[in-house]
Amino acid sequence: MEHPAEGQIHEIPLRRGAPTELYVKLEVEEWKVRRPPIVPGGHGVQSMLLTSAYMFQRAKEVAELRLETEEQLRQWREKRRLGRLNVKWDRYEVDQASELERLDVVEE
């Protein structure tokens, strides 16, 4: 099964003038479609976002992928048991965000 990103991801060539700059080249053996997909939920990513396998496997929205401190994760786990969450960062692009503004259970 072809993944939607195949053919859209290209290797970034080494920059001229930086021959000693190190970088990592990853080769993807197989693309897997995550079910259910992680939805934007009012946030996006400008360039890249690193997260843990734990959060990737459990996140429902992009904003959840940015949670990283022990306190943020503790609150997220506790509140997630109560229902759907509203996670709001100080920037639309979560990879550019610096402050978690809200982590609340959504009243339905």
Side-chain angles (χ1 to χ4, degrees):
M1 175 175 174
E2 184 174 302
H3 186 275
E6 280 189 51
Q8 297 177 20
I9 298 175
H10 306 283
E11 183 176 353
I12 299 171
L14 184 63
R15 292 186 314 200
R16 207 167 47 221
T20 60
E21 187 174 291
L22 299 176
Y23 68 97
V24 176
K25 178 180 177 180
L26 303 173
E27 293 189 21
V28 177
E29 293 178 10
E30 176 186 4
W31 287 103
K32 295 182 180 179
V33 177
R34 185 186 183 279
R35 297 284 181 221
I38 298 172
V39 297
H43 285 284
V45 177
Q46 182 175 345
S47 57
M48 71 172 182
L49 181 63
L50 302 177
T51 193
S52 66
Y54 176 86
M55 288 306 292
F56 180 76
Q57 292 165 354
R58 290 161 179 79
K60 295 183 179 182
E61 295 185 359
V62 170
E64 295 173 324
L65 296 173
R66 177 71 167 76
L67 300 172
E68 49 193 30
T69 69
E70 283 299 318
E71 180 60 20
Q72 290 170 349
L73 294 174
R74 184 188 62 73
Q75 286 183 25
W76 177 77
R77 282 190 294 267
E78 288 175 3
K79 292 179 179 185
R80 183 87 178 268
R81 291 185 202 120
L82 302 175
R84 196 166 71 84
L85 297 180
N86 179 13
V87 180
K88 175 113 173 73
W89 289 92
D90 61 341
R91 297 276 308 263
Y92 169 78
E93 302 89 359
V94 293
D95 56 325
Q96 304 298 310
S98 59
E99 186 178 335
L100 179 63
E101 291 183 343
R102 191 172 339 142
L103 179 57
D104 298 323
V105 177
V106 175
E107 299 292 327
E108 297 186 75

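Sequence positions, counted from 1, serve as the residue numbers for this chain. Remember, it's a predicted structure, so these values are computed and weren't measured experimentally.
Put simply, the side chain of N86 never gets that close to the backbone of D104: no donor and acceptor are under 3.5 Å apart. Under the 3.5 Å distance criterion, the side-chain polar atoms of K60 are left unmatched by any main-chain donor or acceptor of V39.
Under the 30°/60° scheme for interplanar angles, the aromatic rings of H43 and Y92 are found to lie parallel.
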message: Set out, in order, the CA-CA distance, both residues' side-chain angles and the distance that settles side-chain hydrogen bond (donor to acceptor under 3.5 Å, both in side chains) for E71 and Q75, then state yes or no.
response: CA-CA 6 Å; E71 180 60 20; Q75 286 183 25; 2.9 Å; yes
- request: Let me see the working for R74 and E78 under salt bridge (charged side-chain N to carboxylate O under 4.0 Å, His left out), right down to the final yes or no.
  value: CA-CA 6 Å; R74 184 188 62 73; E78 288 175 3; 2.8 Å; yes
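One finds the CG atom of L85 at 6.5 Å from the CZ atom of R80 (value rounded to the nearest 0.5 Å). In this structure, R91 CZ and Q96 CD are separated by 5.5 Å, a value rounded to the nearest 0.5 Å. Remark: M48 CE to D95 CG distance equals 8.5 Å, nearest 0.5 Å.
In this structure, W89 has no side-chain hydrogen bond (donor to acceptor under 3.5 Å, both in side chains) partners at least two apart in sequence or on a different chain.
With hydrophobic clusters built from ILVMFWY side chains whose heavy atoms lie under 4.5 angstrom apart, V62 shares a cluster with Y54.
Among all heavy-atom pairs drawn from M55 and L67, the shortest one is CE-CD1, 4.2 Å.
Between T51 and R66, every side-chain heavy-atom pair lies at or beyond the 4.5 Å cut-off.
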